[in-house]
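Heads up: the structure comes next, in structure tokens.
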Amino acid sequence: MFQPVKGTRDYLPDEMRRRNWVLDRIRRVFECYGFEPLGTPALESWEMLKIKSGEDIIDQIYYFKDKSERELGLRFEWTASLCRVVASHRELPMPFKRYAIGPVWRYEHPSEKRLREFWQADADIVGVGEAIADAEVLAVAVDGLKQIGLKDFKIRVNDRRILEALLNIADMPLGRSLEIFRAVDKIQKIGVEGVREELKRLGSSEASINRLLELIKRGGRPDEVLVDLERLVAGSPVGLIGLNFLKEIYKYSKLFGIDEYIQLDLSLARGLDYYTGPVFEIYAGGFEDYGSIAGGGRYDDLIKLFGGDQTPATGVSLGIERILLLMEEMGMLRNLEFGSRVYVAPSSPKMKPKAIEVAQLLRKEGFETDMDLMNRSLTKQLEHADRKGFSWVVIVGEREMAEGRVTIRCMRTGEQRSVKLVELPDHLKPHSSSSLNFNSAIV
RNA sequence: GCCGCUGUGGUGUAACGGUAGCAUACAGGCCUGUGGAGCCUUCGGCCCGGGUUCGACUCCCGGCAGCGGCCCCA
């Protein structure tokens, strides 16, 4: 018997329905904010995927040669593909706001929280260098999460240019910023001592390390930290640029209505090498230990690295599996209610042609409709409809049909009544809609 | 990548160096025009490869997969 390959999994209908529900809502929010869909291949050239990914990620790229010895890889995130498109389509009007939702692949140790094939929902703004873009990208992410029923958030933000300044203040070795960033970023996972070890390995002195660890402890609500921080990086032009940018983001976040979630965290750096300024991660409020459910940052140099003009860009990525797992844990997926579906049951095989007619009529009206394909007895059909969770069964019987009527049965209550065929859609409508409902959703 | 535990019908489990049993699900029947209960019937399995043995699902080795931990990392 074949199983899904390591780190991948199947999604049976019940689960897939929930997944789709979440994906649909996020897509709708993306489009609501004016992001446009962009399709790019799962397969990209290895050469391209490697650019500015960072050592650790490169090891995780699915790599292979095709039959013509081309070196290829599977996308491990969406940003590179976006940059490739932007670099090679100079005609795109700016700003270019695009979203992409789909699977990405990383060769790493699978666990419940980490598969080798997983979905990311990305929203990026290309062509805007100002903080309004970063704030909007955060807003769309928060709104997407709200629309699937999450309520409270913590957005950790930082700017790598501030970190850069702190590195200088702490007298850390020059030219190893990226490695140091990666080490510092792990503080949540490996703890202060772990980071200390890492930094030692990178050739920093004990004193520098202590100083840096002390510096990055600062964090919290922007209103409280920003002033303090201003004094700290006063002597560093780069640091000031970063700081001012964060201020701008914070300013705009108020206008977008997400400022209450924002927290400065000077230890945040993120693992990818291409970030040039602000970086951010979103956590579900009260579930910070669970890990981030979205993350992103600004990558102003990446498009140029891909052969395009110097073009600023920023974006955010939602981790779909993480989000679903979290929702599962919070018990939110059980409350999902889907539009009611209709099952058409001929009372006997003889009525099959009439049943098809009824089913087609309902489908034309937009009802999710299924019918018996196996000449089952009415008993079996009801059993089946019950198990599959249909809300309505339309019984197409000889006796009623002779008068142009059918019987509708509500599967939840067991009530049923006879209705005219021409009025059938009206009788099913109150309980059926193409839109989805969510009991505890804010919306 | 490393260490540990695990691998029996679709799912969950039992036993055993000598013909693999149960539950549940699926399909059908009791029920020839009415679901959720009950009873009955059918279908269906030892992860893969090698070794030890008269004989391996069982013991040994390797692989693969899952789970947990470490490492690594969104």
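This one's a predicted model, so the numbers in the text were calculated from it and none came from an experiment. Side chains are part of it too, since the values below use all heavy atoms of this structure and drop only hydrogens, waters and symmetry mates. Order of the sequence lines fixes the chain letters, A, B, ..., with proteins taken first and strands second; residue numbering starts at 1 for each chain.
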Mate of B/U34 across any strand shown (Watson-Crick or G-U wobble, both atom pairs under 3.5 Å) is none
Do A/Glu383 and B/G28 have a side chain to base donor-acceptor pair shorter than 3.5 Å? no
Under 3.5 Å, which protein N or O atoms sit close to an N or O of nucleotides 39-43 of chain B? Give each pair with its distance.
none

Distance check, rounded to the nearest 0.5 Å: A/Trp21 atom CH2 versus A/Arg18 atom CZ? 11.0 Å
Give me the distance, rounded to whole Å, that separates B/G12 from B/G66 when you measure between the C1' atoms they each carry. 16 Å
Strictly by Watson-Crick or wobble contacts shorter than 3.5 Å, is anything paired with B/A65, and which nucleotide is it? B/U6
Report yes if at least one side-chain N or O of A/Lys6 is closer than 4.0 Å to OP1 or OP2 of B/G66; otherwise report no. yes
Ignoring hydrogens and angles, are the base of B/G35 and the side chain of A/Arg387 linked by a donor-acceptor pair under 3.5 Å? no
Does the ring of A/Tyr107 carry A/Arg116 above it, NZ/CZ under 6.0 angstrom from centre and within 45° of its axis? yes
When both hydrogen-bonding distances must be under 3.5 Å and the geometry is Watson-Crick or G-U wobble, what is B/C70 paired with, if anything? B/G1
Between A/Glu281 and A/Arg156, is there a side-chain N and carboxylate O pair less than 4.0 Å apart? yes
Using purine N1 to pyrimidine N3 plus N6-O4 or O6-N4 for Watson-Crick, or N1-O2 and O6-N3 for G-U wobble, both under 3.5 Å, which nucleotide pairs with B/C54? B/G18
Grab the N/O contacts between the protein and nucleotides 1-7 of chain B below 3.5 Å, and write none if there aren't any.
| residue | atom | partner | partner atom | Å |
| --- | --- | --- | --- | --- |
| B/G1 | O6 | A/His109 | ND1 | 2.6 |

Residue pairs passing the ring-ring contact (aromatic ring centres under 6.0 Å, His included) test where at least one lies in residues 393-425 of chain A, sequence neighbours excluded: none
